[in-house]
2 protein chains.
Amino acid sequence: MLYFIGLGLVGAKDITVKGLEIEDYGRKLILADRDMVEQKADELLKESEVSDVEYLVVGDPFVDMVLREVNAGIQCRVIHNASTNAVECCGLQLYNFGETVSIVFWTDTWRPERFYVENLYRVVCIHHPVHRSRLQTVSEVAMACYIKQADRHPVTEKICVGLARVGAEDQVIRMGTLCQLVSCDLVDMLCLSAVIPDILQDLMTDISTYSS
Amino acid sequence: MLYFIGLGLVGAKDITVKGLEIEDYGRKLILADRDMVEQKADELLKESEVSDVEYLVVGDPFVDMVLREVNAGIQCRVIHNASTNAVECCGLQLYNFGETVSIVFWTDTWRPERFYVENLYRVVCIHHPVHRSRLQTVSEVAMACYIKQADRHPVTEKICVGLARVGAEDQVIRMGTLCQLVSCDLVDMLCLSAVIPDILQDLMTDISTYSS
């Protein structure tokens, strides 16, 4: 059996009781990075044919890998947890803002911009940073793309909402333009962050009250 | 301090470890039904000024009540959990399908239809039944509204996706028209259900594989 266990948003105690009971702390822990999941999933599949394998995922397990397991005839079970839904704590509902996209961390040599679309200001940007040492923020990457493509897209002063460390005791919710958000305390530490654009005017007061 | 603790989708073990540590099982448990939350919230506010109050919510705590607490100057904290995001286990993403609405349980004398909108087939219908004895399904209510308003809205054969007991071991995912879903085993038991319409053609095969 292959278990997909959602770890939730912030720390070790965000796992559910059900997930904790399934998780076997005595077993060998393998870091499943992007390469492992995308290119070496067969090893995982092979092992789960003969014994229980727990696949731990920050947030809520995604469906793509589950479908691969099912197609391979392997029994699997998903233990759900909080994920992108938690950003609605700012008072805005995700379905109003179009597609949810991931902003990956940039390195000196790897700076993909595919997430950047013409309607950035209607896109919800969410990522799950895994490496604590990389303190780059969603706002910084979005802003860098924005400046780079400014000749093709008009500069606007639309208000965005930035969230950092959602679910943690030091959770932060801030409003402002992308420029303003870059200078905010929105550094991510193994947490969920989001930039939710095109904010509805009548919700502004509520949000600023909650985030202050 | 007022804590809003998400209980997750299915049973007692879907609470997070963090939520469980905050929850005090020795204390008096008050059933907070709709009347209590909407009309008697002041009592809750008053008590949380002098002692810790834990407000337990099936799924993930909603923001409306949090904002009321903040406006009243009361410290509060949200412990997130799985909620509507879990329906994406069927392979479809919520943001593709417009507004998320709640379908309430009908009684003999109370049969609200406000959730029924012209674009029902693009609406995601989600509810959290609380009373185990009410085994009415999302599909039945949606179908009843649909038939009633058939003279105003053309009958179509668009495919929907129905989910029942999401997150439980006996989770069910089925595809079909609303008529077909009514006859499926989609009875809800304190779980999340959804009807996701206008399914994308290229996902049909994956979904039918996963749900079989």
Side-chain angles (χ1 to χ4, degrees), chain A residues 4 6-22 59-64 66-71 76-100 123-124 166-167 169 171 192 203 205-207 209-212, chain B residues 4 6-22 59-64 66-71 76-100 123-124 166-167 169 171 192 203 205-207 209-212:
Chain A
F4 292 88
L7 297 179
L9 302 171
V10 185
K13 291 185 176 177
D14 273 354
I15 192 171
T16 63
V17 174
K18 190 191 285 172
L20 189 66
E21 287 184 355
I22 292 169
D60 192 45
F62 44 88
V63 76
D64 172 66
V66 180
L67 288 174
R68 275 192 279 171
E69 307 302 311
V70 173
N71 287 333
C76 61
R77 189 161 171 221
V78 178
I79 310 299
H80 292 286
N81 209 318
S83 184
T84 51
N85 59 307
V87 301
E88 296 188 353
C89 68
C90 74
L92 302 174
Q93 290 172 302
L94 284 182
Y95 58 70
N96 285 326
F97 300 98
E99 191 173 359
T100 303
V123 168
V124 179
V166 171
E169 287 196 59
Q171 164 182 302
L192 182 73
L203 276 167
T205 312
D206 282 349
I207 291 172
T209 304
Y210 182 46
S211 61
S212 63
Chain B
F4 292 88
L7 297 179
L9 301 172
V10 185
K13 291 184 176 176
D14 273 354
I15 193 171
T16 64
V17 174
K18 190 190 285 172
L20 189 66
E21 287 184 355
I22 292 169
D60 192 44
F62 44 88
V63 76
D64 172 66
V66 181
L67 288 174
R68 275 193 279 171
E69 307 302 312
V70 172
N71 287 334
C76 62
R77 189 163 170 219
V78 178
I79 310 299
H80 291 286
N81 209 318
S83 183
T84 51
N85 60 307
V87 301
E88 296 188 352
C89 68
C90 74
L92 302 174
Q93 289 172 303
L94 284 182
Y95 58 70
N96 285 326
F97 300 97
E99 192 173 357
T100 303
V123 168
V124 179
V166 171
E169 287 196 60
Q171 164 182 303
L192 182 73
L203 277 168
T205 313
D206 282 349
I207 291 172
T209 305
Y210 181 46
S211 61
S212 63

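Contacts between B/Leu20 and chain A at a heavy-atom distance below 4.5 Å involve the side chain alone, from C-beta outward. Heavy atoms of B/Glu169 lying under 4.5 Å from chain A belong to its backbone as well as its side chain.
Nearest heavy-atom pair across B/Lys18 and A/Asp14 is NZ-OD1, 2.9 Å.
Going from atom CG of B/Asp60 over to atom CG of A/Asn81 covers 10.0 Å, rounded to the nearest 0.5 Å.
When side chains are defined from C-beta on, B/Gln171 does not count as touching A/Val78, because their heavy atoms never get closer than 4.5 Å. Between B/His80 and A/Cys89, some side-chain heavy-atom pair lies under the 4.5 Å cut-off.
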